[in-house]
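Some notes on the structure that comes next.
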Amino acid sequence: MNYFPDEVIEHVFDFVVSHRDRNSISLVCKSWHKIERLSRKEVFIGNCYAINPERLIGRFPCLKSLTLKGKPHFADFNLVPHEWGGFVLPWIEALARSRVGLEELRLKRMVVTDESLELLSRSFANFKSLVLVSCEGFTTDGLASIAANCRQLRELDLQENEIDDHRGQWLNCFPDSCTTLISLNFACLKGETNVAALERLVARSPNLKSLKLNRAVPLDALARLMSCAPQLVDLGVGSYENEPDPESFAKLMTAIEKCMSLRSLSGFLEVAPLCLPAFYPICQNLISLNLSYAAEIQGNHLIKLIQLCKRLQRLWILDSIGDKGLAVVAATCKELQELRVFPSDVHGEEDNNAAVTEVGLVAISAGCPKLHSILYFCKQMTNAALIAVAKNCPNFIRFRLCILEPHKPDHITSQSLDEGFGAIVQACKGLRRLSVSGLLTDQVFLYIGMYAEQLEMLSIAFAGDTDKGMLYVLNGCKKMRKLEIRDSPFGNAALLADVGRYETMRSLWMSSCEVTLGGCKRLAQNSPRLNVEIINENENNRMEQNEEDEREKVDKLYLYRTVVGTRKDAPPYVRIL
Amino acid sequence: MEVTNGLNLKDTELRLGLPGAQEEQQLEVSCVRSNNKRKNNDSTEESAPPPAKTQIVGWPPVRSNRKNNNNKNVSYVKVSMDGAPYLRKIDLKMYKNYPELLKALENMFKFTVGEYSEREGYKGSGFVPTYEDKDGDWMLVGDVPWDMFSSSCQKLRIMKGSEAPTAL
């Protein structure tokens with residue numbers, strides 16, 4: 001089979017970068033499998049319990065970069081109890097014991113401890129990049145270890161983590177010899193920051209391209225930082241609550257004007273809107289703008305800013321922008337590819353006339369032909385609007401619509417939104433991710449099963465009437481990888497119809513549905529390659545056999561394929577069947 | 001119209017039921033008021049607390065740090081209780097005073113808090129509510145005025161009474 005020596009084949013494989021493609025290559029023949037696995041540098045593990053560290057290291061001894069994901073997606077919304085799992089320590093320990101020369105670690109929804117970070121920092125001489133997204137369990141002491149011990153550190157990117165801020169001096173722990181930083185993001189830290197240490201660090205990091213500050217970094221410090229780093233491409237602004245004095249403002253303007261490479265702006269965590277004009281000069285260069293934490297920037301200030309951002313490709317914003325603001329986006333941002341509109345008034349307590357509706361969504365779809373990803377929180381929607389959106393934008397890859405009130409129908413016709421979502425899946429042939437909401441019957445799932453051929457991830461909440469709904473999806477969407485369902489009337493019949501199907505998916509989550517303990521047991525019975533986890537809300541864990549009622553509904557079911565059997569680190573209220 | 005439950009309904013023009021269905025109005029209001037934990041005279045309050053807007057766990061699907069950040073009307077803090085497997089989260093802004101908060105905690109974790117006295121803290125039941133303030137110190141719930149507490153409380157922990165004296 002091989003006409004070329006291994007080194008040549010390996011060289012060819014170097015051009016194949018995507019994980020899926022490399023996985024496919026490794027299936028061609030034994031020889032390719034071997035060459036591929038020995039040359040693989042980056043490994044992506046979507047579910048840390050699908051495999052174990054020993055097998056990972058055994059197969060890919062030369063790996064340099066590892067991505068691990070732990071808890072299921074709904075953990076972001078407090079649906080997964082605290083000690084459920086997703087601990088990174090065993091992975092780091094195993095990697096440290098082996099000869100793997102780890103350089104990059106990317107974790108999402110995992111539990112990371114200071115001990116893990118300390119071990120990580122001491123075990124890999126060439127460690128360069130740590131990216132933690134939605135993780136928890138560590139403190140700034142752990143960050144201090146990373147800063148102090150990772151001599152080659154290029155990237156420390158902390159996104160949306162829950163970090164206990166011990167108000168220590170972790171920034172001081174970067175040695176004076178550390179000059180390799182390219183990316184530093186600590187926006188999610190809640191405590192005070194040693195601004196002087198930060199300034200010194202930035203001053204000695206000529207390669208710094210991305211800097212994201214937390215609340216504690218004030219305006220005048222920002223100006224000094226930007227003067228030291230005019231090469232910045234990506235900036236996250238901290239906060240400055242007071243009205244800026246003219247001198248500080250002028251300094252900020254001067255500093256910003258020099259940052260001609262700036263392409264991405266975020267943060268504004270507590271920002272006096274009057275400071276925004278300092279950023280006007282660079283708006284025309286921006287391709288990404290994240291104002292979703294900027295509750296103070298509203299109305300005209302926001303609109304003036306957006307009108308200058310003609311090259312924007314990515315916009316994350318709060319719904320206080322209103323339909324009017326979205327119309328401005330539609331008129332200005334013709335290059336827009338991704339839009340996320342987050343709710344500012346989560347419990348609908350204020351009579352918020354400025355919030356977005358279906359009007360804004362239609363305007364965006366009409367004005368932004370390149371739009372392919374959307375996350376949209378709103379209070380109301382209509383089928384007509386969704387049908388119009390589908391017609392305007394058949395290129396959606398990700399479409400996530402969240403109507404704040406569960407079961408809410410089309411607010412004009414009072415009908416369900418089946419037809420609207422049906423239009424979306426029918427028109428958007430490349431749709432990979434979908435979240436549905438509002439009043440929905442089994443019909444919408446019939447449409448999804450029929451048309452959403454490329455769908456990989458589906459989120460369902462408060463929708464459907466009978467088991468048929470779930471069955472339409474499982475039977476129709478052949479590429480489904482992650483299915484998450486809450487508060488919907490799907491039960492055992494749907495769950496058990498095609499048990500083999502679940503091995504073709506990464507995971508299934510069902511909470512507050514109609515599945516029973518008996519159903520889950522039957523599911524687990526002949527499925528050695530599935531872990532079926534039942535998470536029991538009730539403190540009186542009804543684990544004893546004699547008290548068990550198989551007809552009892554299960555609060556939370558999480559099942560996933562695995563090649564390493566039952567995990568050993570589950571807490572007592574998680575039962576693995 | 002007579003004053004009912006301390007509220008003169010006519011004056012406040014509550015429209016909880018159909019016009020004319022005044023019987024219903026009274027029933028709804030009294031039902032709501034019996035759920036209302038306020039002990040002080042809130043008869044000046046015009047609108048009843050909104051039971052329709054009861055919060056569903058994990059809905060809308062927005063991360064807590066976003067909820068806290070974007071809406072100054074909410075302030076979610078973690079609550080742990082010694083011995084309980086789960087941590088919970090509560091929104092401090094839902095409560096106006098200590099009795100309300102303590103009642104909610106008692107309901108959530110199924111325990112009763114002891115008698116509070118300034119001198120001796122909580123006596124009697126064996127459970128002591130404590131909180132972590134902005135400086136990172138663990139304090140006894142109840143010592144400072146409510147507003148000061150609610151703006152500085154970062155986390156709550158319900159300790160088993162036997163541990164409390166030494167730990168604090």
Side-chain angles (χ1 to χ4, degrees), chain A residues 73-84 134 160-162 164-167 188 190-191 215 269-270 292-296 318-320 342-350 375 377 400 402-406 435 437 459 461-462 484 486-487 511-512 535-537 539 541 571-574, chain B residues 46-95 107-111 132-138 151-158:
Chain A
H73 177 227
F74 278 175
D76 282 349
F77 319 126
N78 297 335
L79 286 177
V80 176
H82 200 66
E83 293 289 307
W84 173 86
S134 291
E160 316 258 10
N161 301 291
E162 296 239 358
D164 258 345
D165 199 325
H166 287 175
R167 295 165 195 85
C188 60
K190 302 217 173 69
R215 272 201 160 73
L269 300 171
E270 267 163 30
S292 62
Y293 281 98
E296 309 295 320
L318 289 171
D319 65 359
S320 46
F342 293 95
S344 51
D345 168 28
V346 162
H347 297 303
E349 275 154 19
E350 292 163 24
L375 170 61
F377 284 85
R400 295 195 277 164
C402 181
I403 300 165
L404 291 172
E405 192 187 313
S435 298
S437 59
S459 307
F462 305 100
E484 48 186 27
R486 63 166 292 178
D487 294 274
S511 59
S512 304
I535 302 170
N536 196 344
E537 282 283 2
E539 263 187 62
N541 292 319
Y573 51 84
V574 171
Chain B
E46 283 204 27
S47 54
K53 289 173 184 168
T54 42
Q55 296 171 31
I56 306 166
V57 177
W59 191 265
V62 176
R63 287 201 181 102
S64 320
N65 56 344
R66 273 196 196 281
K67 279 186 186 174
N68 282 357
N69 180 82
N70 296 335
N71 191 345
K72 298 300 180 198
N73 293 329
V74 299
S75 170
Y76 280 91
V77 298
K78 287 185 185 172
V79 189
S80 64
M81 170 145 131
D82 293 349
Y86 284 48
L87 265 63
R88 303 297 298 267
K89 272 196 172 152
I90 57 165
D91 175 10
L92 282 184
K93 298 272 162 98
M94 289 256 287
Y95 312 102
N107 281 339
M108 193 179 259
F109 287 99
K110 313 271 180 289
F111 73 102
E132 186 183 30
D133 73 358
K134 282 200 164 123
D135 297 324
D137 298 316
W138 283 91
S151 62
S152 70
C153 170
Q154 305 293 305
K155 268 187 203 172
L156 282 160
R157 177 180 163 202
I158 300 162

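Lettering follows sequence order; numbering is per chain, from 1.
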- Relative to chain B, which segment of A/Asp164 carries a heavy atom at a distance below 4.5 Å: side chain, backbone, both, or neither?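 Contact with chain B: side chain only.
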- Query: What part of A/Phe74 gets closer than 4.5 Å to chain B, counting heavy atoms only: side chain, backbone, both or neither?
  - Reply: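 For A/Phe74, neither part sits under 4.5 Å from chain B.
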- Message: According to salt bridge (Lys or Arg N to Asp or Glu O under 4.0 Å), who are the partners of B/Lys78, at least two apart in sequence or on a separate chain?
- Response: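 Salt bridge (Lys or Arg N to Asp or Glu O under 4.0 Å) list for B/Lys78, sorted by chain: A/Glu162.
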- How would you list, by chain and number, every residue that makes a salt bridge (Lys or Arg N to Asp or Glu O under 4.0 Å) with A/Asp165, sequence neighbours excluded? none
- Note on the structure: If you tally heavy-atom pairs under 4.5 Å between each of A/Arg486, A/Glu83, A/Lys190 and chain B, the highest tally belongs to A/Arg486
- Item | Winner by heavy-atom pair count (cut-off under 4.5 Å) against chain B, out of A/Ser134, A/Gly191, A/Ser511, A/Ser459 | A/Ser134
- Under 4.5 Å between any side-chain heavy atoms of A/Phe462 and B/Ile56, yes or no?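 Yes; the side chains approach each other to less than 4.5 Å.
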- Roughly how far apart are B/Trp138 CH2 and B/Gln154 CD, rounded to 0.5 Å?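 Output value for this atom pair is 10.0 Å.
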